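Notes follow once the structure below has been shown.
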Amino acid sequence: MLRSNPAKKVAFITLLSASMGLLTANVAAQEKPFELGVTKVSNGDVVSYQGECFKAKNSPGTWEAPKSGSWFWEQVTCSNDTVEPPVAPEPPVVEPEPPVTEPEPPTTDIPSDVTPFVLGETRVANGDVVSYQQQCYIAQNNPGVWEAPKAGSWFWEPTNCGSTTEPPLTCTLPEVLIDNQCVIPPVECPDGSSAATAEECPVIPPVTCPDGSTADSVELCPPAKVVCADGSVVDDIAQCPVTPVTCPDGSTAGSVADCPVTEVPTSMTVTSDGKGGYLIPRAEFVAIEKSLTSGELFDLVRSDTVTLDNASVEAVLPLRAANPENVKRAESIVDEALWEFLFPIRNPAYTYNRFLQAIAKFPAFCRTYTDGRDSLAICKRSLATMFAHFVQETGAHAPNWEGALGNPEWRQGLYYVREVYKSESDTTGPYNKCTGWAGERWPCANKSYFGRGAKQLSWNYNYGPFSEAMFGDKMVLLEKPELVADTWLNLASAVFFYVYPQPPKPSMLHVIDGTWQPNAADKANGIEHGFGSTIQIINGAFECGKGSTTAQAKARIAYYKEITSYLNLDISGEKLDCADMKAFDTAGAGALEVYWDKDWGWDANTPGNHSFKCKLVGYQTAYSAWTAGDYELCVEDNFNVQATDANGEIIPK
């Protein structure tokens, strides 16, 4: 979760510039004219613009207009203003003085009724005439305040600055002004080409719908269906038949939790395989796994981390009638226009459609509660919480930066899609080192696992589990981590973090929807309901429990207040800060150990007196309690064991 802090950059660069200035103060700059949108410069280049001179800094682009006080430019003295060394005077030559004449008033070709165009300020309508850099232009195609007038621009038509006898030509929609003529602009076709009308666009092949049928467009596909684990197809994931499991007694049931109660073995039945390894009946693995992962909290988390199949996710579109119920609820709160307003300078990879697809993947997010809880209010609070953390994790954090286009910090979220200074071609550095158990379980594929997406997912041991949750295959994202930046996964990774607990912390979903209720241990640690506890979950070690509000936590709270205010969400009485919060611990109400590790205990009835068991722990290992069969895998890997069936035959892995 590394971020760039432009404010710190400015301080550093200012100090560096000041130091360099001592060496160059007396060197006349060789300026070059700066033309907006055309002139490319490097740091240190000196340009002239509107009669003044500026030195480039902080890598300005072609559209960063030089001006005093800019982050990208430092005003300097033009070379023709520098003081020349004195020259010995020549003897004066006496000449007769010319007759004195009164100076004539200056003339200009620009009439007084033409509006001077000031970049970033002047607002115009189609047909307005403006003057810019001693040239006049007629506005067309609705230029904004940052569209500098210039010849050949889509938004401006050069014109004479003299008085005109006819008013400028204006067009009525759908026509636009091109070459001083009103014409209907071409349409963009689905294949990327253009045509005079949509009917003249090339015919594109039909799309393949999630159900395997074809249609002329995704919008015309039949409503999405859910493919169940047994291959059947239903309208909703809740209608899927339960895949039976084999219970320790040989019977079948809908899940391990539904198996008949069997006695959990206190000692494993271990026999030699004759090759230096050991054999244990699978029934004993299943019985122990069931006993250790049964309980109300485990069941709640399991139900809230269920995912929708990817074909149905990718069929989601804004306002599509067949969108899942939780997506429709999110759309009712944040429509596409509000998405544009809240994240106006976001990376183009963060599209509104991908935002909806990320929500679709996790049916528990913005779901319908049937126990009296307010589903709409919970959804709204969940979105506000996530958005506030988006701004802190991936925001530009540059209130005075020209690139922010005047937007305040709380609306600068999702600016970064990749960790600063990282690129897909970079396969060196710590993010590419896969060693120990993490490297064995989540092998690197000559890729770098730096931060990507709204959550800035990092490291191979996070990409692997996320890939299993999204695709059922750890290698998909280990081989193509760029998908977390370039597809709907860039936002789904954040929702994934939101619905999954971070032991011993509860999930942010359970904090927001009230499933988690702080117990005495939580309250003793200062942890209560409210936005502050989500700060503790996401980055508590660095931002909470410091006695006073840290700068990062203060920023998150400020963003949350702005967003909730805009969404008209009442947060009165909510504990927003975490300055007095200690860390979640194993005595808290949300504590849930979800990883398996070797049980180093002693058993008098087994070879070598080893336990031949694994235990639940609160730290991450290669084996997860959310993945059925990982308990058996943990024992097999740690004790050189193979599982056997009811007939004593080895079960192939």
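Bear in mind that the values here come from a model prediction, so they are computed numbers and not experimental data.
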State whether the side chain of [X] and the backbone N or O of [Y] hold a donor-acceptor pair below 3.5 Å, judged by distance alone.
| X | Y | result |
| --- | --- | --- |
| Tyr415 | Val391 | no |
| Ser70 | Pro66 | no |
| Ser458 | Gln456 | yes |
| Asn407 | Gln412 | no |
| Asp335 | Leu338 | yes |
| Arg381 | Asp570 | yes |
| Asn43 | Asn58 | yes |
| Tyr137 | Ala148 | no |
| Arg354 | Leu491 | no |
| Asn326 | Ile359 | yes |

Out of Arg556, Gln552, Lys554, which one pairs with Glu543 under the side chain to side chain donor-acceptor pair (under 3.5 Å) rule?
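In the set Arg556, Gln552, Lys554, the residue that makes a side chain to side chain donor-acceptor pair (under 3.5 Å) with Glu543 is Arg556.
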Residue of the set Glu331, Lys328, Gln357 for which side chain to side chain donor-acceptor pair (under 3.5 Å) holds with Asn323
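In the set Glu331, Lys328, Gln357, the residue that makes a side chain to side chain donor-acceptor pair (under 3.5 Å) with Asn323 is Glu331.
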State, with a plain yes or no, whether a side-chain heavy atom of [X] is found less than 4.5 Å away from one of [Y].
| X | Y | answer |
| --- | --- | --- |
| Met386 | Phe365 | yes |
| Leu457 | Phe497 | no |
| Leu376 | Ser332 | yes |
| Val114 | Cys161 | no |
| Trp73 | Lys67 | no |
| Glu31 | Tyr49 | no |
| Glu482 | Lys447 | yes |
| Lys32 | Val41 | yes |

For the pair [X] and [Y], name the ring-plane relationship: parallel under 30°, tilted 30 to 60°, perpendicular over 60°.
| X | Y | result |
| --- | --- | --- |
| Phe72 | Trp401 | tilted |
| Phe362 | Phe496 | tilted |
| Trp410 | Tyr566 | tilted |
| Phe355 | Trp339 | parallel |

Gap separating the [atom1] atom of [X] from the [atom2] atom of [Y], nearest 0.5 angstrom:
| X | Y | atom1 | atom2 | answer |
| --- | --- | --- | --- | --- |
| Leu356 | Arg320 | CG | CZ | 11.0 Å |
| Trp488 | Asn310 | CH2 | CG | 4.0 Å |
| Glu64 | Glu402 | CD | CD | 5.0 Å |
| Trp156 | Ile138 | CH2 | CD1 | 10.5 Å |
| Leu489 | Leu483 | CG | CG | 6.5 Å |
| Ile535 | Asp577 | CD1 | CG | 6.5 Å |

Considering all heavy atoms, the nearest [X]-[Y] contact:
| X | Y | value |
| --- | --- | --- |
| Phe117 | Gly144 | CZ-O, 4.3 Å |
| Lys455 | Ala494 | CB-CA, 3.8 Å |
| Gln392 | Ala555 | OE1-CB, 3.5 Å |
| Ala492 | Ala358 | N-CB, 3.3 Å |
| Ala349 | Asn490 | O-ND2, 3.1 Å |
| Pro318 | Asn353 | CD-OD1, 3.0 Å |

Step-by-step side-chain contact (heavy atoms from CB on, under 4.5 Å) determination, Asn347 to Leu414:
CA-CA 6 Å; Asn347 187 288; Leu414 299 180; over 6 Å; no
Between Glu35 and Lys150, does any NZ, NE, NH1 or NH2 come within less than 4.0 Å of an OD or OE carboxylate oxygen?
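The answer is no: the pair does not qualify as a salt bridge.
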Exactly one of Tyr560, Phe531, Tyr498 should register a ring pair (Phe, Tyr, Trp, His ring centres under 6.0 Å) with His389. Which one does?
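The passing option is Phe531.
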Reference residue Trp459; test ring pair (Phe, Tyr, Trp, His ring centres under 6.0 Å); the match among Tyr449, Tyr431, Phe466
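Only one option passes, and that is Tyr431.
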Between Glu340 and Arg346, does a salt bridge (Lys or Arg N to Asp or Glu O under 4.0 Å) hold up when you go through it step by step?
CA-CA 9 Å; Glu340 295 289 338; Arg346 69 185 184 280; 2.9 Å; yes
Quick one: list whatever passes side chain to side chain donor-acceptor pair (under 3.5 Å) with Arg418, sequence neighbours left out.
Glu424, Asp486
Give a yes-or-no answer on whether the side chains of Asp426 and Ser448 include a donor-acceptor pair shorter than 3.5 Å.
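Short answer, no.
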Ignoring hydrogens and geometry beyond distance, is a side-chain donor-acceptor pair present between Asn126 and Asn142 at under 3.5 Å?
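Distance-only check passes for Asn126 and Asn142.
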Option from Pro149, Pro158, Ser131 for which side chain to side chain contact (heavy atoms under 4.5 Å, CB included) with Cys136 holds:
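Per the side chain to side chain contact (heavy atoms under 4.5 Å, CB included) rule, the option paired with Cys136 is Ser131, out of Pro149, Pro158, Ser131.
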With side-chain contact (heavy atoms from CB on, under 4.5 Å) as the test, would you mind laying out the steps for Thr115 and Val124 before giving the verdict?
CA-CA 9 Å; Thr115 303; Val124 296; 5.8 Å; no
Test side-chain contact (heavy atoms from CB on, under 4.5 Å) on Thr159 and Val129 and set out the steps.
CA-CA 8 Å; Thr159 186; Val129 179; 4.2 Å; yes
Is atom CZ of Phe341 surrounded by more than 12 heavy atoms (other residues, nucleotides or ligands) closer than 6.0 Å?
yes
So that I know where these two stand, are Phe387 and Phe343 an aromatic pair - ring centroids less than 6.0 Å apart?
yes
Under 6.0 Å from the six-membered ring centre of Phe450 and within 45° of its axis: does the NZ or CZ of Arg452 meet both?
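Yes, a cation-pi geometry holds between Arg452 and Phe450.
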